[in-house]
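In what follows, a structure is listed as structure tokens, so that the remarks can point back to it.
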Amino acid sequence: MRVDLPHPWPESVAEAEVIQERLRPRVELTGPADFATVAGLDVHYHGDDALSAAVVVLDAATLSVVEQVVTHGQAAFPYVPGLFAFRELPALVEALRRLTVTPDLLVCDGYGLAHPRGFGLACHVGVLTGLPALGVGKTPFVGAYEQPRQERGAWTPLVLDGAVAGRAVRTRDGVKPVFVSQGHRLTLDTATDQVLRLTPRHRLPEPIRRADHLARHGG
DNA sequence: GCGACAG
DNA sequence: ATCTTGTCGC
């Protein structure tokens, strides 16, 4: 698929923050609710900066693999909470570029709107591709939330600066919730619904599990 | 001021 | 993220 990195790569924290502030207004919080194909994105780190980026496209109805790509590269920025996207974006974009199909939804390993400047990895990937995107975080990062009920499907709002920025969602009975937030071109209801339907069995959505496995063990 | 802080 | 065994439960 077609993707570009239309901004100079930041060389400082200040530059990276400026890019986030500049791109944030481009995020759209409404869009389609149904998707034929869904891609999971993940990165695995080897040494200091060596990494593998994986994208796995699934048929949304059957969860069978349509196409998958792994690329190898280097982290493009030091790890700074809030600027996480700048580490992995070049490798992820390269992997997306090598896809022969264009997925209808991108499921990212990390946060979207639930971010100190409202522009996490899922927003950044969504704005660059123009595709609907959502973020799934495994640990709390920003915001306050109440513990959702123990049953799969239960959720509570994730509140940041007095506004709802995402949801803590129980994807399986009795397991720790995951943190869902909008990335681009979809509502929070749609993001929650998609995460639940893409997680029939485990804690994390199938696209992310597949991408994680591919980045770790290759394909 | 200090600590905590997606992956 | 990664360094790491066994154990409990579906």
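By convention in this document, chain letters (A, B, ...) are assigned in the order of the sequence lines, proteins followed by strands, and residues within each chain are numbered from 1.
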Enumerate, atom names and distances included, each donor-acceptor pair closer than 3.5 Å involving a side-chain atom of residues 161-169 of chain A, sequence neighbours excluded.
from   : atom 1 : to     : atom 2 : distance (Å)
A:R167 : NH1    : A:D189 : OD1    : 3.1
A:R167 : NH1    : A:T192 : OG1    : 2.9
A:R167 : NH2    : A:D189 : OD1    : 2.7

For a quick check of understanding: with a heavy-atom distance under 4.0 Å over all strands, which category does A:Y45 fall into, base, sugar-phosphate or nothing? sugar-phosphate

Nearest non-hydrogen partners of [X] and [Y], listed with the distance:
| X | Y | result |
| --- | --- | --- |
| A:L5 | A:P90 | CD1-CA, 4.1 Å |
| A:L186 | A:Q182 | O-NE2, 3.0 Å |
| A:P116 | A:F141 | CD-CE2, 3.7 Å |
| A:F35 | A:T190 | CE1-CG2, 3.9 Å |
| A:D212 | A:D42 | OD1-OD2, 3.0 Å |
| A:L160 | A:G143 | CD1-N, 3.9 Å |

Which nucleotide of DNA chain B is the first, and which the last, in the 5' to 3' direction, to come under 4.0 Å of a heavy atom belonging to chain A?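 Listing 5' to 3', DNA chain B meets chain A from B:dC5 to B:dG7.
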
Flag, side chain of [X] to backbone of [Y], donor-acceptor distance under 3.5 Å:
| X | Y | answer |
| --- | --- | --- |
| A:Q68 | A:L214 | no |
| A:R87 | A:A76 | no |
| A:T129 | A:G126 | yes |
| A:E67 | A:T100 | yes |
| A:Q20 | A:G82 | yes |

From CG (A:L83) to CD (A:E17), nearest 0.5 Å: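 Between A:L83 CG and A:E17 CD, I get 5.5 Å after rounding to 0.5 Å.
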
Let me confirm one number: the CG-OG1 distance from A:L196 to A:T171, rounded to the nearest 0.5 Å.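 Result: 7.5 Å between the selected atoms.
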
For DNA chain C, note the earliest and the latest nucleotide, 5' to 3', having some atom under 4.0 Å of a heavy atom belonging to chain A.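 The contacted stretch runs from C:dA1 to C:dT2.
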
Counting a pair only when it is Watson-Crick or G-U and both distances are under 3.5 Å, which runs of at least 3 such pairs involve DNA chain B?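 Stems for DNA chain B, defined as runs of 3 or more consecutive pairs: none.
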
Pairs touching residues 132-155 of chain A that satisfy side chain to side chain donor-acceptor pair (under 3.5 Å), sequence neighbours left out: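 Listed once each, the pairs are A:D109-A:K138, A:R149-A:E151.
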
Just grab all the ring pair (Phe, Tyr, Trp, His ring centres under 6.0 Å) pairs involving residues 7-26 of chain A, residues at least two apart or on different chains. A:H7-A:W9, A:H7-A:H124, A:W9-A:F86

Please give me every residue in [range] whose heavy atoms get under 4.0 Å of an atom in DNA chain B, ordered by residue number.
| range | value |
| --- | --- |
| residues 192-211 of chain A | none |
| residues 159-180 of chain A | none |
| residues 112-138 of chain A | A:H115, A:G120, A:L121, A:G137, A:K138 |

Using a 4.5 Å cut-off on heavy atoms from C-beta on, say whether the side chain of A:H184 contacts that of A:C123.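 The answer is no; the side chains never approach within 4.5 Å.
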
A:L131 side chain near A:D104 side chain, heavy-atom distance below 4.5 Å: no

Residues that A:R203 engages under salt bridge (charged side-chain N to carboxylate O under 4.0 Å, His left out), provided they are two or more places apart: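 For A:R203, no residue satisfies salt bridge (charged side-chain N to carboxylate O under 4.0 Å, His left out) once neighbours in sequence are set aside.
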
Can you tell me which stems DNA chain C forms, taking runs of 3 or more consecutive Watson-Crick or G-U pairs with both distances under 3.5 Å?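 As far as DNA chain C goes, consecutive pairing (with distances under 3.5 Å) yields no stem.
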
Would you mind writing out the side-chain donor-acceptor pairs for residues 21-33 of chain A within the sub-3.5 Å range, not counting sequence neighbours?
from  : atom 1 : to     : atom 2 : distance (Å)
A:E21 : OE1    : A:R24  : NH2    : 2.7
A:R24 : NH1    : A:R117 : O      : 3.1

